Amino acid sequence: MKLHTKIALGLILGGLLGGGLRALAPDAGWVQALGDNVAGPVGQAWLRLLLMTVIPIVVTSITLGVAGIGDVRRVGKLGGRTMGYFALSTLISAIIGLALVNALKPGGGVDPATQAALMETYSEQVGSMQAGGPGGFGVHTFVNIVPRNPVAAMANMDMLAVIFFSLVFGGALTLLPREQSKPVTDVLEGVGDAIIKIIELAMRLAPYGVFGLIFQMTSRFGWSLLGQLGMYVVVVVLGLLLHASIGLSALVRIFARISPIRFWKGAEAPLITAFSTSSSMATLPTNIATAETNFEVSPKIAGFVLPLGATMNMNGTALFEGVTVLFLAQVFGVDLSLAQQAVVIVLAVLTAIGAAGVPGGSLPLMMVVMATVGVPPEGIAIILGVDRILDMCRTTLNVAGDLSAALYIDRVDKESPFVAPAPTDARVVQASD
Ligand code: ASP
């Protein structure tokens, strides 16, 4: 049986059993006890398996991302343009999602008693991970972004500080001579790959984790959140469609200067692969082949832009994260100020860069965004059951975004051809100056 079928089965069985037992025996203590002492802990343990990957994946991917930009910068103007395009398209996508979730409020209408109970059930982990501490926002929030002690920041999962440290650390690596930075980046690459393996293994356990979490939730709250959940799926999919048909299509027309219709038609193979694998990484070979054969992108540009895009450029993921964090904030009754929503956008973009291009790669990081603005990360349980289908949809947009970047860079390159970097290592020269 395919993994996503198993996850869907876990969701349906958990929901039917949890909600069904609660409906049959509303006052029986044993139903809740079963949820709290058996199903819940199984789900929580699985969630922790994902959470434990957060610090290493953020540190390795952001550090390596920035260290890689050092190389990209050497490649010249094109590298800068690639990064700029990634940032622009991801930002537009995240903003579309946020606007939509604010307008449609899919998580609204949960009654305050349920909200309080939800908070009580799930709020365990919020405290220390919250931006600026539980005291809320202020000038200190910004000062606290600079950690006094990076190890303490990691231990406390103070994510803004960890991201800051990783950005600076990656930047510093680009200033070292290559023979000094290479061993460090090699180790980080190995660590990152091993962590991605852990995420892959954890995803194989997802059917059981999802079963446990949904059972616990429905045995406690019945099926009352089902309406909101359906609305949430609609909002994510609508946002992805909007970005595809308006945002990304406009970018394709303006930057790559080709007709969006031609783009979407020619992109069929990678879109289908992304949809069926939920992995930007797994779609990379198809995307490179399509760029070269259907759009005559030069192999050198396809081989440069697309691998970078598969790890760093995730339009759909940023949109999904923004919508999900705000949706769960609405469900939990957490009011997010404009400043906090801006933090969500920035973090959604940054964590979309940091997420691995594998199924569920963004989930651990999204829990961090949630906690940073005071939404219990364990509340992710509410959306996990429907995540697989959303992963298929958002990965499709991620991959389309990568392809559009390759077309844009290829056009620029053809207009003023790319000059290969000099064989000497600029950083070595610089260091010996
Ligand atoms: N599955 C996504 C990708 O590979 C990452 C994610 O959003 O979980 O692009």
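Predicted, not measured: the structure shown is a model, and the values here were computed from it. Basis for what follows: all heavy atoms, side chains included, without hydrogens, waters or symmetry-related copies. Just follow the structure's listing: the first ligand is 1, and inside any ligand the first atom is 1.
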Q: Compute whether any side-chain donor of one residue and acceptor of the other, for Asn398 and Asn315, lie under 3.5 angstrom apart.
A: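 Absent: no donor and acceptor within the cut-off.
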
Q: Would you call Glu296 and Lys414 a salt bridge, taking side-chain N to carboxylate O under 4.0 Å as the test?
A: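 Not counted as a salt bridge, because no side-chain N and carboxylate O are separated by less than 4.0 Å.
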
Q: Any N or O on Leu363 sitting closer than 3.5 Å to an N or O of ligand 1?
A: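 No - when backbone and side-chain N and O of Leu363 are compared with those of ligand 1, no distance drops under 3.5 Å.
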
Q: Which atoms of ligand 1 sit under 4.0 Å from any heavy atom of Ser362?
A: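 Within the 4.0 Å cut-off of Ser362, ligand 1 contributes 6 (C), 7 (O), 8 (O).
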
Q: For Thr317, take its heavy atoms, then give the atoms of ligand 1 lying under 4.0 Å from any of them.
A: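 Per the distance check, 5 (C), 6 (C), 7 (O).
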
Q: For ligand 1, which atoms have a heavy atom of Ala356 less than 4.0 angstrom away?
A: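 Per the distance check, 5 (C).
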
Q: List every atom of ligand 1 that sits less than 4.0 Å from any heavy atom of Gly360, numbering the atoms from 1 in the order shown and giving each element.
A: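 It comes down to these atoms of ligand 1: 8 (O).
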
Q: Evaluate the side chain to side chain donor-acceptor pair (under 3.5 Å) criterion for residues Thr324 and Tyr232: first the C-alpha distance (whole Å), next the side-chain angles of each, then the deciding distance (0.1 Å), finally the verdict.
A: CA-CA 8 Å; Thr324 307; Tyr232 155 76; 2.8 Å; yes

Q: Can you name the atoms of ligand 1, numbered from 1 with element, that are less than 4.0 Å from a heavy atom of Ser280?
A: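 Here the atoms of ligand 1 in question are 3 (C), 4 (O), 9 (O).
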
Q: Taking atom CG as the centre, does Asp335 end up with more than 12 heavy-atom neighbours from other residues, nucleotides or ligands that are less than 6.0 angstrom away?
A: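 Not more than 12 within 6.0 Å, no.
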
Q: Report the part of Met281 (side chain from C-beta onward, or backbone N, CA, C, O) that has a heavy atom under 4.0 Å from ligand 1; answer both or neither where that applies.
A: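 Neither part.
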
Q: Of the backbone atoms (N, CA, C, O) and the side-chain heavy atoms from C-beta on, which set of Val358 has a member under 4.0 Å from an atom of ligand 1: side chain, backbone, both, or neither?
A: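 Val358 to ligand 1: backbone contact only, side chain stays beyond 4.0 Å.
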
Q: Ignoring hydrogens and geometry beyond distance, is a side-chain donor-acceptor pair present between Thr60 and Glu189 at under 3.5 Å?
A: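 No, because no side-chain N or O of Thr60 sits under 3.5 Å from a partner of the opposite role on Glu189.
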
Q: As an exercise, identify every atom of ligand 1 less than 4.0 angstrom from a heavy atom of Asp391.
A: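 Within the 4.0 Å cut-off of Asp391, ligand 1 contributes 1 (N), 2 (C), 6 (C), 8 (O).
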
Q: Taking only heavy atoms of Thr395 into account, list the atoms of ligand 1 that are under 4.0 Å away from them.
A: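 This gives 1 (N), 2 (C), 3 (C), 4 (O), 9 (O) as the contact atoms.
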
Q: Looking at residues at least two apart in the chain, or sitting in another chain, which of them share a side-chain contact (heavy atoms from CB on, under 4.5 Å) with Thr273?
A: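 In terms of side-chain contact (heavy atoms from CB on, under 4.5 Å), with neighbours along the sequence ignored, Thr273 is linked to Thr277, Thr283, Thr286.
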
Q: Side chains of Asn102 and Gln341: is there a donor and an acceptor less than 3.5 Å apart?
A: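 Distance-only check passes for Asn102 and Gln341.
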
Q: Within the 4.5 Å heavy-atom criterion, are Phe295 and Thr290 side-chain neighbours or not?
A: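 Side-chain contact under 4.5 Å: yes.
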
Q: Check ligand 1 against Ser279 and write out every atom of the ligand that is under 4.0 Å from a heavy-atom position of the residue.
A: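 Within the 4.0 Å cut-off of Ser279, ligand 1 contributes 4 (O).
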
